[in-house]
Chemist: 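The structure follows.
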Amino acid sequence: MYIKNLNLQNFRNYDNQIIEFSPKMNIIYGHNGQGKTNIVEALYFFQSGKSFRCLKDREAVKFGEDYFKIHALFETNQGSSDALVFVQDKKSVRLNGIQLEKLSELVGEYNMVIFTPDYLNLIKDGPGVRRQFIDSFISQIKPTYFKNLISYYRVLKQRNNVLKQKSKNMISTLDIWDEKLASLGVKINQMRSSAIDKINETINIVGDGSFITEKIKLIYTPSVKGDFEDKNNFLHQLYSSRERDFEKGITLTGPHRDDFEIFMNDINIKKYGSQGQMRSCVLKLKLSECEIIKEKTGDTPILLLDDILSELDEERRKFFLENINDKQVIITCTEKENINFENCYVFRVENGKVIKE
Ligand SMILES: Nc1ncnc2c1ncn2[C@@H]1O[C@H](COP(=O)(O)OP(=O)(O)OP(=O)(O)O)[C@@H](O)[C@H]1O
Ligand SMILES: [Mg+2]
């Protein structure tokens, strides 16, 4: 899949900009603060329906204006398709001219894998970042997962509201929420577990024969102990932690507290890995994400690389570039990159204006 063109209106520091992309390599370069990441941010809206940089859509509206509009034309293995995101007081999304009822209907439509300078956080940070990674990954190959996840978080919120009231005569209400939480929760556990299995099958094959020889393995550490796919087991654990849940006013068991650990040659990379090993690990993780999306959907995802090439040393950079030449790649950088790719378009960005060279 690839994006043919993008139109930005009142988005961040852009007035009205059209960019025609190459189906292969696109290099967007320019000084700091000129609007490179803003383009990546706009593109990613079509994958997730929201910004990867801010929580409030309105922050992306150009200062002094009251709406933004981004429109993109894609070519997928199903043919041409277009999407429009319009944000004023509310957000509205149109897919091939049809207004979507729910944002979740957009997820899974356009697959993208994004790589930003804070990528090492995937290893270094707390479990939330890893859950986000796995959730976004599965949502792209199984849109039903995303819908399930939204329902799970909705039920979780209701259950936590009951817990916060600290009134034990709400027990019967709690029973209802527990039942719903466990039904949705086991599905999430099951899909996360098989996604991690799939990554383990793929991660040591991508770019095989490269300089990264260490064997990488992910281990799922679900919050529900024992058989995490068994609803009764889940229910039992919710039931036994009720006292503690009431005390804390939150639900302490469930997929919202899951994590996974990453091992390199049986060494826990978060605890003992070097900076370079962490880099290699995330590179491979991202490449296997691309591979699996391609395998499961029959279409290559679009790869967005925001300012990361300069982060990589010569060897990793070579490894990475060799492994991405089958898909559309959109790279931003501050210095014009010299990349030997067929069909390579180069754009210079200056103060919210994009000029094709
Ligand atoms: N809502 C907005 N309205 C107008 N301008 C904005 C808005 N939000 C951000 N900007 C401007 O966009 C610019 C930042 O754009 P962006 O993050 O894309 O820069 P960049 O080219 O990626 O820079 P760097 O190389 O430092 O990463 C800044 O000049 C900022 O003031
Ligand atoms: Mg930037």
Side-chain angles (χ1 to χ4, degrees), residues 3 5-22 25-72 84-93 112-122 124-125 129 132 136 279 282-283 286 302-313 316-317 320-321 324 328-339 344-357:
I3 178 160
N5 68 52
L6 171 72
N7 178 205
L8 307 171
Q9 283 178 42
N10 295 338
F11 186 84
R12 297 281 185 192
N13 62 341
Y14 290 93
D15 282 329
N16 190 350
Q17 177 74 52
I18 294 177
I19 312 171
E20 306 272 347
F21 290 100
S22 158
M25 175 63 78
N26 297 273
I27 295 170
I28 301 172
Y29 80 97
H31 294 304
N32 297 127
Q34 301 302 305
K36 302 180 298 294
T37 304
N38 293 345
I39 298 172
V40 176
E41 183 184 26
L43 291 172
Y44 201 67
F45 252 92
F46 297 103
Q47 193 268 316
S48 62
K50 54 185 199 271
S51 168
F52 71 86
R53 298 216 282 196
C54 60
L55 284 175
K56 294 202 179 99
D57 296 322
R58 279 199 63 89
E59 282 175 32
V61 173
K62 187 167 202 246
F63 302 143
E65 302 292 340
D66 73 341
Y67 76 92
F68 80 68
K69 191 152 108 178
I70 50 179
H71 183 215
L84 183 135
V85 179
F86 180 80
V87 167
Q88 196 163 25
D89 300 323
K90 293 193 302 188
K91 171 158 55 189
S92 83
V93 181
M112 298 179 195
V113 171
I114 189 169
F115 217 151
T116 61
D118 55 6
Y119 65 105
L120 285 189
N121 295 350
L122 186 60
K124 290 180 168 175
D125 271 16
V129 187
Q132 209 173 22
S136 149
R279 286 208 162 106
V282 185
L283 274 185
K286 288 282 170 184
I302 301 166
L303 191 55
L304 306 175
L305 307 177
D306 187 27
D307 225 354
I308 68 123
L309 276 194
S310 58
E311 278 267 305
L312 305 177
D313 57 35
R316 286 192 183 83
R317 197 183 142 98
F320 194 54
L321 288 173
I324 57 174
Q328 187 182 42
V329 184
I330 293 163
I331 291 182
T332 74
C333 42
T334 42
E335 298 298 325
K336 189 170 165 180
E337 292 277 349
N338 198 2
I339 297 173
C344 177
Y345 287 14
V346 179
F347 304 91
R348 184 163 47 89
V349 180
E350 237 177 72
N351 195 18
K353 292 265 178 307
V354 180
I355 304 118
K356 183 161 182 273
E357 295 197 335

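Since we're looking at a predicted model, the values are computed, not measured. In each ligand, atom 1 is the first atom listed, and ligand 1 is the first ligand listed.
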Chemist: Determine yes or no for a side-chain-to-main-chain donor-acceptor pair under 3.5 angstrom, with T332 supplying the side chain and D307 the backbone.
Modeler: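 Pair found, side chain donor or acceptor close to backbone of D307.
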Chemist: Closest approach of I3 and Q328, non-hydrogen atoms and distance?
Modeler: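 Heavy-atom minimum between the residues: N-OE1, 2.7 Å.
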Chemist: Write down the atom of G352, the atom of Q17, and the distance for their closest heavy-atom approach.
Modeler: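 G352 and Q17 have their closest heavy atoms at O-OE1, 4.0 Å.
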Chemist: Are any non-hydrogen side-chain atoms of N38 and R53 less than 4.5 angstrom apart?
Modeler: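 A side-chain contact exists here, since the closest heavy-atom pair is under 4.5 Å.
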Chemist: Can you tell me which portion of V61 lies within the under-4.0 Å heavy-atom range of ligand 1? Options are side chain, backbone, both, or neither.
Modeler: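 Answer for V61: backbone.
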Chemist: To check your reading of the model: name the closest protein heavy atom to atom 15 (O) of ligand 1, its residue, and the distance in Å.
Modeler: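 The closest one turns out to be N38 ND2, 3.1 Å.
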Chemist: For atom 30 (C) of ligand 1, decide whether some protein heavy-atom distance is shorter than 4.0 Å.
Modeler: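 It does not; no protein heavy atom is within 4.0 Å.
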Chemist: Classify the contact between H31 and ligand 1 as side chain, backbone, both or neither, using a heavy-atom distance cut-off of under 4.0 Å.
Modeler: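 For H31, only backbone atoms sit under 4.0 Å from ligand 1.
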Chemist: Indicate the atoms forming the closest heavy-atom contact of T116 with I308, along with that distance.
Modeler: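 That would be C-CG2, 3.5 Å.
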Chemist: Could a heavy atom of E41 be found less than 4.0 Å from some atom of ligand 1?
Modeler: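 In this structure, E41 fails to qualify as a contact of ligand 1 - no heavy atom is under 4.0 Å.
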Chemist: Short check: any N/O/S atom of T37 below 2.8 Å from the Mg ion (ligand 2)?
Modeler: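 A backbone or side-chain N, O or S atom of T37 is under 2.8 Å from the Mg ion (ligand 2).
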Chemist: Would you mind running through ligand 1 and noting each atom that sits below 4.0 Å from a heavy atom of K62?
Modeler: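 Here the atoms of ligand 1 in question are 3 (N).
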Chemist: For ligand 1, indicate whether the residue R53 contacts it via side chain, backbone, both or neither (heavy-atom separation under 4.0 Å).
Modeler: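 The answer is the side chain of R53.
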Chemist: Check whether E357 reaches the backbone of F347 with its side chain - one donor and one acceptor, N or O, closer than 3.5 Å.
Modeler: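 No, the answer is negative, given that no donor and acceptor are paired below the 3.5 Å cut-off.
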Chemist: Which is closest to atom 6 (C) of ligand 1 in terms of heavy atoms, Y14, F63, F68, Y29?
Modeler: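 Residue with the shortest heavy-atom distance to the ligand atom: F63.
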Chemist: Hey, is ligand 1 close enough to R12 that some N/O pair sits below 3.5 Å?
Modeler: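 Yes; the residue has a nitrogen or oxygen that sits under 3.5 Å from a nitrogen or oxygen of the ligand.
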Chemist: From the options N13, D15, N10, select the one residue that forms a side-chain hydrogen bond (donor to acceptor under 3.5 Å, both in side chains) with K62.
Modeler: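 Exactly one pass, corresponding to D15.
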Chemist: Is ligand 1 less than 4.0 angstrom away from at least one heavy atom of G30?
Modeler: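 Under 4.0 Å: no for G30.
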Chemist: Please list the nearest protein heavy atom to atom 28 (C) of ligand 1 with its residue and the distance rounded to 0.1 Å.
Modeler: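 Looking only at protein heavy atoms, the one closest to atom 28 (C) of ligand 1 is G33 O, 3.7 Å.
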Chemist: Could you find the nearest protein heavy atom to atom 26 (O) of ligand 1 and give me its residue, atom name and distance?
Modeler: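 Going atom by atom, the protein heavy atom closest to atom 26 (O) of ligand 1 ends up being N32 ND2, 3.1 Å.
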Chemist: Assess E65 for proximity to ligand 1: is some non-hydrogen atom of it under 4.0 Å away?
Modeler: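 So E65 does not count as touching ligand 1.
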Chemist: Begin from the C-alpha positions of Y345 and F21 and carry the test ring pair (Phe, Tyr, Trp, His ring centres under 6.0 Å) through to its verdict.
Modeler: CA-CA 7 Å; Y345 287 14; F21 290 100; 8.5 Å; no
Chemist: What's the shortest distance from atom 27 (O) of ligand 1 to any protein heavy atom, and which residue and atom give it?
Modeler: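 For atom 27 (O) of ligand 1, the nearest protein heavy atom comes out as T37 OG1, 3.8 Å.
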